[in-house]
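Sequence positions, counted from 1, serve as the residue numbers for this chain. Computed from a predicted structure; not experimentally measured.
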Amino acid sequence: MKSTLRVRFAPSPTGYFHVGGARTALYNWLIARKAGGSFILRIEDTDDSRNAEEWVEGIVSALTWLGINWDEGPYRQSERSELYSKAVERLIVEGKAYWCDCTREEVDQRAKERGGAPGYDGFCRDASKQNSPGSALRFKIPRPGQTVVHDKVRGDVVFDHGNLDDFIIVKSNGSPLFVLANVVDDIDMGISFILRAEEHLPTTPKAILLFQALGAEELPIFAHVPVLVNAKRQKLSKRRDRVAVEDYREMGYLAPAVVNYLALLGWSPGDDREFLDIDEMIELFDIDQVNHSPAYFDEQKMQHFNGVYIRELLADEFVNYCLPFLEKNDWWVGNVKQLETFSRVAPLVQERVSLLGEAAEMIGFLFRAEVEIPLELVDSVLRKDIKAAQIIKDVGEIYRGLQRFTAEELHDVTRAYCESIETPLRKLQAPLRVALTGSKVGPPLFESIELLGKETTLKRLSLASELIGTPSQ
Ligand code: GLU
């Protein structure tokens, strides 16, 4: 039998899709999938001044990438205004809302005179005012009273109505406020479980009062999941931290690694296990185990997860995942020869990267016509050792005489040369690698040299020794 559990993810399209939003979506999705319920996507786009179509597309594309699919939607609040108007009508008729034409200055002035907390004092509550230009509709908070939010994560949270203002539900321009549209939709869509970010908890008593005022038969279950913080324990912010899911996608994260990491921000399966596939997450996820303390979003740890997921890919999969990243470079034409070279080097790269984007960086030297050696490396690696110039020259000569240009052969002759000059092989690796690839890191050296081929190798070694001989500017 299909479960009646209905959850929704209800983002406001006001910016890049945030990792915190992705975590909220994921938890909702896990709950729905576990219970065989429905996951609904609802775009809360009532705030015209802050919404943009590109952000809606960003949300849809990020959720799709993450594999968080929806059973209904995306619904858009901007297309549902009739429903909100009806609800507003009902609240007015039933005396549960009233028009207020106080300006902000008036409200502030009276608060000052009272000497109490700022906020609306209920000035128009019993004045039976009509809707006139500039007036807003306020919800009449039942007084006295209190509302208890039974929260699955935070336990019971009590709100005294004495601390709640008669809040605005329709702005003076006629548009419904977030909390009204949100509740009207939750009722209309039969949402039975609301899981959302902790920042919404202070609004929840207002939402509950609206549910009741609008005659909802049953309240949904509420769960407010903890905020995400950075290393300094500050709430993640788009100004300070990298928070856009899109950025991570572009850096070369694999969606399953991101999903796995996000699932652990506030939840753990209860043992020391951290790596879970999606089916295990669905099976094990339990809202009762979600912690209420802030969850540290540790980008380095997520990157580590990504490395583990990259290493688990089949060789072919890794190649395919890398292709879009290779295609961003002007040195990549994607012909058969390049593809063949890349396929050969790919398993060596796969072991060494934690982002797909790094893979492209690491192998560019194989495809670029020339390598550019950063000045910093010329000084710190090539010129550091007085012998490096001589070594590069000698090695070039030795390589020139090679018949078989294979990694094994290259390794053997280079080692023999090292013995002859009584220098450990590892000391040669850095200058050789820098001379040939322009970088200190990359796939194993001799395999790289084999792939580079004799002609290019000799050319680059000779250019590097010239460079060492030329004084830096
Ligand atoms: N639209 C709200 C937001 O993006 C979400 C509200 C909710 O989940 O109830 O923060």
Side-chain angles (χ1 to χ4, degrees), residues 7-12 15-34 39 59 62-63 65-68 149 151-155 157 193-204 221-249 251 253-278 280-309 354:
V7 297
R8 83 308 196 263
F9 176 55
S12 305
Y16 282 112
F17 186 49
H18 191 290
V19 284
R23 196 259 326 246
T24 302
L26 174 64
Y27 281 7
N28 274 296
W29 185 87
L30 290 173
I31 290 175
R33 292 296 169 259
K34 181 171 183 164
F39 176 89
I59 292 165
L63 289 175
W65 177 65
L66 291 169
I68 300 177
V149 179
D151 192 275
K152 282 292 234 180
V153 176
R154 314 201 63 97
V157 190
F193 195 129
I194 294 180
L195 183 152
R196 60 184 170 189
E198 189 183 307
E199 69 201 37
H200 293 292
L201 182 60
T203 318
T204 304
I221 296 168
F222 285 97
H224 288 88
V225 295
V227 286
L228 303 186
V229 294
N230 64 19
K232 293 184 185 148
R233 314 302 285 171
Q234 297 161 316
K235 189 171 177 227
L236 278 197
S237 114
K238 60 182 166 198
R239 274 170 295 282
R240 258 193 314 251
D241 310 292
R242 196 193 335 257
V243 297
V245 173
E246 191 57 31
D247 285 348
Y248 289 105
R249 183 180 180 179
M251 287 161 75
Y253 275 83
L254 296 173
V258 174
V259 165
N260 188 161
Y261 182 69
L262 291 180
L264 302 178
L265 293 175
W267 171 74
S268 93
D271 47 30
D272 284 338
R273 272 184 72 197
E274 292 199 304
F275 291 96
L276 301 150
D277 67 27
I278 198 71
E280 290 168 316
M281 281 181 245
I282 293 172
E283 187 192 324
L284 297 172
F285 184 79
D286 180 357
I287 189 67
D288 291 327
Q289 284 167 357
V290 171
N291 198 308
H292 66 260
S293 36
Y296 172 29
F297 177 73
D298 181 351
E299 196 180 321
Q300 302 222 318
K301 185 162 179 187
M302 185 162 83
Q303 188 166 331
H304 165 71
F305 265 59
N306 203 51
V308 172
Y309 273 80
S354 53

Taking it one step at a time, do F285 and W267 satisfy ring pair (Phe, Tyr, Trp, His ring centres under 6.0 Å)? CA-CA 8 Å; F285 184 79; W267 171 74; 5.2 Å; yes
Could you tell me whether a side-chain N or O of D151 sits under 3.5 Å from a main-chain N or O of H224, the two making a donor and an acceptor? yes
Do the non-hydrogen side-chain atoms of P226 and E198 ever get within less than 4.5 Å of each other? yes
For the pair R242 and E299, find out whether any cationic side-chain nitrogen is under 4.0 Å from an anionic carboxylate oxygen. yes
So, R196 and T204: side-chain donor and acceptor under 3.5 Å apart, yes or no? yes
Answer yes or no on whether R23 is positioned over the face of Y27, meaning its NZ or CZ is under 6.0 Å from the six-membered ring centre and within 45° of the axis. yes
If you define the side chain from C-beta out and look only at heavy atoms, does anything of L262 sit under 4.5 Å from V19? yes
Taking D247 for its side chain and V243 for its backbone only, find out whether a donor-acceptor pair lies under 3.5 Å. no
So do F193 and I287 actually touch side chain to side chain, heavy atoms under 4.5 Å? yes
For H200, I'd like to know if atom NE2 has over 12 heavy atoms of other residues, nucleotides or ligands within 6.0 Å. yes
Mind checking whether P256 and I278 have side chains closer than 4.5 Å, heavy atoms only? no
Pairing of E274 and K301 as salt bridge, 4.0 angstrom limit: yes
Derivation and outcome, ring pair (Phe, Tyr, Trp, His ring centres under 6.0 Å), residues Y253 and Y309: CA-CA 9 Å; Y253 275 83; Y309 273 80; over 10 Å; no
Looking only at atom types and distance, does a side-chain atom of S268 sit under 3.5 Å from a main-chain N or O of L264, one as donor and one as acceptor? no
Are L26 and I68 packed together at the side-chain level, in the sense that at least one heavy-atom pair is separated by less than 4.5 angstrom? yes
What is the minimum heavy-atom distance between V229 and P294, and which atoms define it? CG1-CB, 3.8 Å
Is there a side-chain contact (heavy atoms from CB on, under 4.5 Å) between K235 and E199? Walk through the geometry before answering. CA-CA 11 Å; K235 189 171 177 227; E199 69 201 37; 3.3 Å; yes
Okay, side chain of N230, backbone of Q234: is any donor-acceptor separation there less than 3.5 Å? yes
Quick check: do L63 and W29 have side-chain heavy atoms less than 4.5 Å from each other? no
Pairwise side-chain contact, M281 with N260, heavy-atom cut-off 4.5 Å (strictly under): yes
Contact check, side chains of M251 and N306, non-hydrogen atoms, under 4.5 Å: no
When you measure from the side chain of Y261 to the backbone of Q303, do you find a donor-acceptor pair of N or O atoms at a distance under 3.5 Å? no
Does the K152 side chain pair with the main chain of F222, one donor and one acceptor, at a distance under 3.5 Å? no
